[in-house]
Amino acid sequence: MAPLWTTDDELFTLARNELFTSVVGDIMDTMGLLIQFLPPDIRPIQPKAITIGRAMTVLEADYLMAEQGATELATKPFGLMLNALDDLKPNEVYICSGGSPRYAMWGGLMATRARHLKSVGAVMNGYHRDTNELLELDFPVFSMGAYAQDQGPRGKVVDYRLPIQFAGVRIEPGDIVFGDVDGVCVVPKEAEEEAFTKALEKARGEQVVREKIEDGMSATEAFATYGIL
C-alpha cells in the first residue's frame, strides 16, 4: 500500500483536516503508549486552535536571584530563552517545562518572532501573557491560562533541544506535538508512522459510522458491524 504521506507538511495537513487528539490518543493506548497526554489544565487560548509540529523542547528553571550565580547564565535576564526562540525551525512547536507556575513563560513578542520563523505553536507548563496580542496574531498557544507576572526576575531557560519531562510525559526533540481543544498529546518519533496511519483509518471509519447512525442505524448495530463507536 502506498504511504499516506511522505513529508511532514503532508502529514500535518492530513492531521489538521481529518484528525483530533482523542483519536490519536486512542490509537496510542492500543500501542501501549499510555502516558502521552499533557495535563488537562493545559488549554488553548482559542477554542478552535490546533497545533501540530515537531517538538522544540525547552527547559526552564526558577532563578530567583537574577544576577547572582557562578555562571554567565546568571547575567542573562531570561537565560537562554532568546537563543531558544531564535533557533526555532518551520513546523516546530516551542514546548517548555521545568519552572514553577508563578510567572508567564510566553508572550506576544515571542509569538511574533516564532510566527516569523514559521513555528506552528507554543505549549507551556505554566502561563502565558499578552493574551489580546496573541489572539490578534492567531498564533496557537496552549498553557495553564493567562498571568501577567514576568519570568525575567523569576525564571530562566537553562537549555533547549534536550529530553524534558512535562508533568510525567517524556518529550524528546522531534517528537510530534498535537494539540486541539480536547488536549495536547505527544507522539514519539519511533511510533508516529503506526500511530497516525491507524488514527487516519479509525477517523475515516468513524465518519462512515456517523453517517450510518444519522441514517437511522442503532448504536448496537453500528458497533456490531464496524467495531467503532
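Here the structure is a predicted model, which is why all the values come from computation and not from measurement.
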Output the distance between atom CG (Leu85) and atom CG (Leu80), rounded to the nearest 0.5 Å.
12.0 Å
If you count heavy atoms of other groups shown closer than 6.0 angstrom to CD of Glu190, is the number above 12?
yes
same_hphob_cluster(Phe37, Val169) at 4.5 Å side-chain heavy-atom cutoff:
no
Gln46 versus Val141: any side-chain heavy-atom pair under 4.5 Å?
no
Val157, Leu117: one ILVMFWY side-chain cluster at the under-4.5 Å cut-off?
yes
Quick one, Asp175 and Val187 - any side-chain contact, counting heavy atoms below 4.5 Å?
no
Go through Arg113 and Asp86 one step at a time and tell me if the salt bridge (Lys or Arg N to Asp or Glu O under 4.0 Å) criterion holds.
CA-CA 8 Å; Arg113 177 60 174 156; Asp86 285 340; 2.8 Å; yes
Let's go through Asp62 and Ser100 carefully: what are the C-alpha distance in whole Å and the side-chain angles of both, what is the deciding distance for side-chain hydrogen bond (donor to acceptor under 3.5 Å, both in side chains) to 0.1 Å, and is it a yes or a no?
CA-CA 6 Å; Asp62 292 349; Ser100 300; 2.4 Å; yes
Heavy-atom closest pair, residues Gly168 and Gln165
C-OE1, 3.4 Å
Nearest 0.5 angstrom please: Trp106 CH2 to Leu109 CG, how far?
10.5 Å
Atom CD of Glu193: over 12 foreign heavy atoms under 6.0 Å
no
On a heavy-atom basis, the closest approach of Ala111 and Leu134 is CB-CD2, 3.4 Å
Taking the side chain as every heavy atom from C-beta outward, state whether Val186 and Glu172 have any atom pair closer than 4.5 Å.
no
Would Met124 end up clustered with Ile42 when hydrophobic side chains under 4.5 Å apart are linked, directly or stepwise?
yes
Tell me, yes or no, whether the heavy-atom count around Ile35 atom CD1, taken from other residues, nucleotides or ligands under 6.0 Å, exceeds 12.
no
Arg54 and Glu192 ion-paired at < 4.0 Å:
yes
Same apolar cluster (I L V M F W Y, side chains within < 4.5 Å links), Tyr103/Phe142:
yes
Any side-chain heavy-atom pair of Tyr147 and His128 under 4.5 Å
no
Could you report the tightest heavy-atom contact between Tyr94 and Ala84, atom names first, then the distance?
CE1-CB, 4.3 Å
Rounded distance (nearest 0.5 Å) linking atom CG of Leu34 with atom CG of Asp29:
5.5 Å
Minimum side-chain heavy-atom gap Glu60-Asp159 below 4.5 Å:
no
Could you walk me through whether Arg102 and Gln151 pass side chain to side chain contact (heavy atoms under 4.5 Å, CB included), step by step?
CA-CA 8 Å; Arg102 299 187 303 102; Gln151 70 173 305; over 6 Å; no
Using modelled atom types and a 3.5 Å cut-off, is there a donor and acceptor pairing between side-chain atoms of Lys76 and backbone atoms of Lys156?
no
Donor-acceptor contact present, side-chain Asn125 to main-chain Ser97, <3.5 Å
no
For Glu194, does its backbone N or O pair with a side-chain atom of Thr197 as donor and acceptor, under 3.5 Å?
no
Hey, mind stepping through Gln207 and Arg204 against side-chain hydrogen bond (donor to acceptor under 3.5 Å, both in side chains) and telling me if it holds?
CA-CA 5 Å; Gln207 182 59 36; Arg204 291 168 182 176; over 6 Å; no
Assess whether side chain to side chain contact (heavy atoms under 4.5 Å, CB included) is satisfied between Leu33 and Gln36, documenting all intermediate values.
CA-CA 7 Å; Leu33 299 170; Gln36 301 305 130; 3.8 Å; yes
Would you say the ring centers of Trp5 and Phe12 fall short of 6.0 Å from each other?
no
How far apart are the C-alpha atoms of Ile176 and Ile52, what are their side-chain angles, what is the distance that settles it, and do they pass the side chain to side chain contact (heavy atoms under 4.5 Å, CB included) test?
CA-CA 7 Å; Ile176 293 179; Ile52 182 166; 3.8 Å; yes
Side chains of Asn17 and Thr13: closer than 4.5 Å at any heavy-atom pair?
yes
With rounding to the nearest 0.5 Å, note down the distance linking OG in Ser143 to CD1 in Ile45.
7.5 Å
Spatial distance of atom CD1 (Ile164) from atom CD1 (Ile95) [nearest 0.5 Å]
5.5 Å
If I compare all heavy atoms of Met28 with all of Pro188, which pair ends up nearest, and what's the gap?
SD-CD, 4.3 Å
Looking at every heavy atom in both Met105 and Cys96, which two are closest together, and how far apart are they?
SD-SG, 3.9 Å
With clusters defined by side-chain heavy atoms of hydrophobic residues (ILVMFWY) lying less than 4.5 Å apart, directly or transitively, does Val123 cluster with Val181?
no
Apply side chain to side chain contact (heavy atoms under 4.5 Å, CB included) to residues Glu18 and Leu200 and explain how you reach the verdict.
CA-CA 7 Å; Glu18 299 190 44; Leu200 285 162; 4.0 Å; yes
Under 4.5 Å between any side-chain heavy atoms of Glu10 and Thr7, yes or no?
yes
The salt bridge (charged side-chain N to carboxylate O under 4.0 Å, His left out) partner of Glu92 among Arg161, Arg115, Lys118 is Arg161
Would a distance-only check, ignoring hydrogens and angles, find a side-chain to backbone donor-acceptor pair under 3.5 Å from Lys198 to Phe196?
no
Is the shortest heavy-atom distance from the side chain of Met31 to the side chain of Ile27 under 4.5 Å?
yes
For Lys202, check salt bridge (charged side-chain N to carboxylate O under 4.0 Å, His left out) against everything at least two apart and list the hits.
Asp26, Glu206
Spacing of OH belonging to Tyr160 relative to OG1 belonging to Thr57, to within rounding of 0.5 Å:
11.0 Å
Considering non-hydrogen atoms only, spot the tightest contact between Pro101 and Met144 and give its length.
CB-SD, 3.9 Å
Is a side-chain N or O of Asp180 found less than 3.5 angstrom from the main chain of Thr21, in a donor-acceptor match?
yes
